[in-house]
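Just so it is clear, the model here is predicted, and its values are computed rather than measured.
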Amino acid sequence: MAKNKNRWKIQAGATLLTNAHITGFFTGKIYKGNLKGICVPGLNCYSCPGAVGSCPIGSLQAVIGSSKFKFSYYIVGLLILFGVLFGRLVCGFLCPFGWFQELLHKIPSKKFSTKKLAALTWLKYVILLLFVIILPMTILNEVGMGDPWFCKWICPAGILEGAIPLSLADSGIRAALGALFTWKSCLLVGIITLSIFFYRPFCKWICPLGAFYALFNKISFYKFHIDQDKCNSCGACTKVCKMDVEVCKTPNHPECIRCGDCIRTCPRSAICKSINLRKEDKV
């Protein structure tokens with residue numbers, strides 16, 4: 001099975017860059033410098049002691065739930081920019097939590113396909129619409145602001161990158177942990193367990209950021225193309241795709257994270273990548 005042996009280096013570099021405030025893990029202090037005003041492309045918790053930028057999903061909820069602002073051209077514009085340029089390549093190369101799931105999947109165990117669970121891929125769109133947009137906008141707390149519903153109740157990255165490191169470094173935070181911490185810890189354990197047996201389950205079924213970028217996969221500048229003269233529909237690309245994409249039919253499917261395994265697997269070199277606005281090729 002051909003794989004991109006260098007992709008993990010980009011994933012590791014992206015994780016390090018977005019969490020470059022290393023001293024925060026020892027002091028238990030969140031970085032609040034000027035860089036925190038910039039959103040990183042991947043899912044990375046604002047409250048992580050190492051985070052030097054803001055999570056786009058967290059920032060979007062904060063703005064939507066604010067009593068002063070109902071729309072942010074900066075945050076939405078930045079998300080659209082990432083989507084138009086790269087689509088879900090962000091998920092495959094630049095998302096720390098996506099890489100975390102891939103590392104878990106390398107743990108030796110029986111692996112299961114998610115093809116029969118394809119209907120669950122729609123769940124992340126429901127979460128994007130309901131927990132990231134509708135609930136923060138419509139349900140206000142006692143001070144007249146909307147809660148960050150996804151970050152507060154669902155996001156496993158928040159508990160992994162934020163709550164756990166901060167509680168380990170600060171006894172005051174440890175003493176304040178309660179039922180919400182327990183609930184989200186259970187969710188994290190569930191995602192960790194699923195990730196060992198299934199490939200990137202959070203990305204496939206739950207992540208609202210992945211859902212947003214998926215909307216741009218077919219129109220993004222970065223695309224995969226099929227050379228119809230070379231492709232003989234052998235199916236090798238579909239067999240190697242862990243995101244369950246029928247590559248020769250829909251090379252820019254919303255679930256494709258641009259990992260490139262299909263390109264390296266194709267025996268006839270019929271799949272290529274490019275940065276342009278050509279329409280999707282089909283066989």
Side-chain angles (χ1 to χ4, degrees), residues 7-66 69 71-103 128 131-133 136 147-152 154-167 169-170 173 184 188 202-203 206-214 216 220 222 257-258:
R7 185 164 68 95
W8 74 269
K9 297 178 183 178
I10 300 176
Q11 292 174 294
T15 300
L16 181 60
L17 285 175
T18 53
N19 295 283
H21 186 242
I22 304 299
T23 57
F25 290 103
F26 301 99
T27 63
K29 303 295 183 182
I30 299 174
Y31 171 76
K32 295 182 180 180
N34 293 333
L35 289 177
K36 263 298 174 63
I38 301 174
C39 291
V40 298
L43 194 76
N44 196 75
C45 185
Y46 178 98
S47 296
C48 175
V52 295
S54 295
C55 174
I57 291 297
S59 298
L60 184 60
Q61 291 172 98
V63 172
I64 289 175
S66 171
F69 304 101
F71 187 82
S72 171
Y73 292 99
Y74 163 67
I75 297 172
V76 175
L78 196 62
L79 282 169
I80 292 175
L81 176 63
F82 288 139
V84 169
L85 288 177
F86 306 115
R88 290 196 73 180
L89 176 141
V90 174
C91 304
F93 284 82
L94 304 178
C95 182
F97 197 73
W99 185 44
F100 174 67
Q101 293 171 84
E102 289 191 20
L103 293 176
L128 172 63
F131 284 87
V132 178
I133 299 174
D147 288 333
W149 287 78
F150 174 75
C151 295
K152 184 176 181 179
I154 299 178
C155 186
I159 198 79
L160 175 68
E161 300 174 359
I164 292 177
L166 289 174
S167 63
D170 191 318
I173 292 178
K184 292 192 67 178
L188 176 62
F202 177 78
C203 303
I206 301 173
C207 183
L209 187 59
F212 187 90
Y213 288 143
F216 296 89
S220 64
Y222 187 93
I257 59 172
R258 320 292 206 207

> Output yes when a side-chain donor or acceptor of Arg258 lies under 3.5 Å from a complementary backbone atom of Gly92, and no otherwise.
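No; zero donor-acceptor contacts below 3.5 Å.
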> Counting only heavy atoms from other residues, nucleotides and ligands, does the tally under 6.0 Å from CZ of Phe26 exceed 12?
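Not more than 12 within 6.0 Å, no.
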> What are the two closest heavy atoms between Asn19 and Phe25, and how far apart are they?
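What the structure gives for the nearest pair is O-CE1, 4.5 Å.
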> Measuring from Cys207:SG to Tyr213:OH, what's the distance to the nearest 0.5 Å?
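These two atoms lie 9.0 Å from each other.
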> I'd like to check Ile38 versus Leu35 (side-chain heavy atoms, cut-off strictly below 4.5 Å). Are they in contact?
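Side-chain contact under 4.5 Å: yes.
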> Measure across Gln11 and Trp99 and return the closest heavy-atom pair with its distance rounded to 0.1 Å.
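Reported closest heavy-atom pair: OE1-CD1, 3.3 Å.
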> Any chance you could measure Cys95, atom SG, to Glu102, atom CD, to the nearest 0.5 Å?
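Cys95 SG to Glu102 CD: 10.0 Å, rounded to 0.5 Å.
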> Let me confirm one number: the CG-OH distance from Leu89 to Tyr222, rounded to the nearest 0.5 Å.
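One finds 5.5 Å between CG of Leu89 and OH of Tyr222.
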> Taking the side chain as every heavy atom from C-beta outward, state whether Leu94 and Phe86 have any pair of such atoms under 4.5 Å apart.
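Not touching, per the 4.5 Å side-chain cut-off.
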> Can you tell if the side chain of Cys91 reaches within under 4.5 Å of the side chain of Cys203, non-hydrogen atoms only?
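Counting from C-beta outward, Cys91 and Cys203 never come under 4.5 Å.
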> Taking all non-hydrogen atoms of both residues into account, name the closest pair between Leu128 and Ala211 and its distance.
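Reported closest heavy-atom pair: CD2-CB, 4.2 Å.
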> What is the distance from atom CD1 of Ile159 to atom SG of Cys151, rounded to the nearest 0.5 Å?
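If I round to the nearest 0.5 Å, the distance is 12.0 Å.
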> So do Ile80 and Phe216 actually touch side chain to side chain, heavy atoms under 4.5 Å?
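Touching, per the 4.5 Å side-chain cut-off.
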> Just how far is it from atom CG of Leu60 to atom SG of Cys39, taken to the nearest 0.5 Å?
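Reported to 0.5 Å precision, the distance equals 8.5 Å.
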> Think Lys36 forms a cation-pi with Tyr31, using NZ or CZ under 6.0 Å from the six-ring centre and within 45 degrees of its axis?
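Geometry flag: not set, cation outside 6.0 Å or 45°.
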> How about Val90 and Leu85: do any of their side-chain heavy atoms sit closer than 4.5 Å?
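Sidechains of Leu85 and Val90: no contact.
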> Might you point out which heavy atoms bring Ala51 and Cys45 nearest each other, and give the distance in Å?
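What the structure gives for the nearest pair is CB-O, 3.4 Å.
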> Residues two or more places apart in sequence or in another chain: which of them pass ring-ring contact (aromatic ring centres under 6.0 Å, His included) with Phe131?
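In terms of ring-ring contact (aromatic ring centres under 6.0 Å, His included), with neighbours along the sequence ignored, Phe131 is linked to no residue.
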> Please give me the minimum heavy-atom distance between Val40 and Thr18, naming the atom from each residue.
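Heavy atoms of Val40 and Thr18 come nearest at CG1-CG2, 3.7 Å.
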> At what distance, to the nearest 0.5 angstrom, does CZ of Phe100 lie from OG1 of Thr15?
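Separation between the atoms: 11.0 Å.
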> Evaluate the side-chain proximity of Val63 to Tyr74: yes if any heavy-atom separation is below 4.5 Å, no if none is.
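Counting from C-beta outward, Tyr74 and Val63 never come under 4.5 Å.
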> Going through the checks in order, is the side-chain contact (heavy atoms from CB on, under 4.5 Å) test met by Val132 and Leu209?
CA-CA 10 Å; Val132 178; Leu209 187 59; over 6 Å; no
> For the residue pair Cys55 and Asn44, what are the closest heavy atoms and their distance?
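Between these two residues, the closest heavy atoms are CB-O, 3.0 Å.
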> Side-chain contact test, heavy atoms from C-beta onward, threshold under 4.5 Å: evaluate it for Leu166 versus Pro49 and give yes or no.
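Of all side-chain heavy-atom pairs linking Pro49 with Leu166, at least one is under 4.5 Å.
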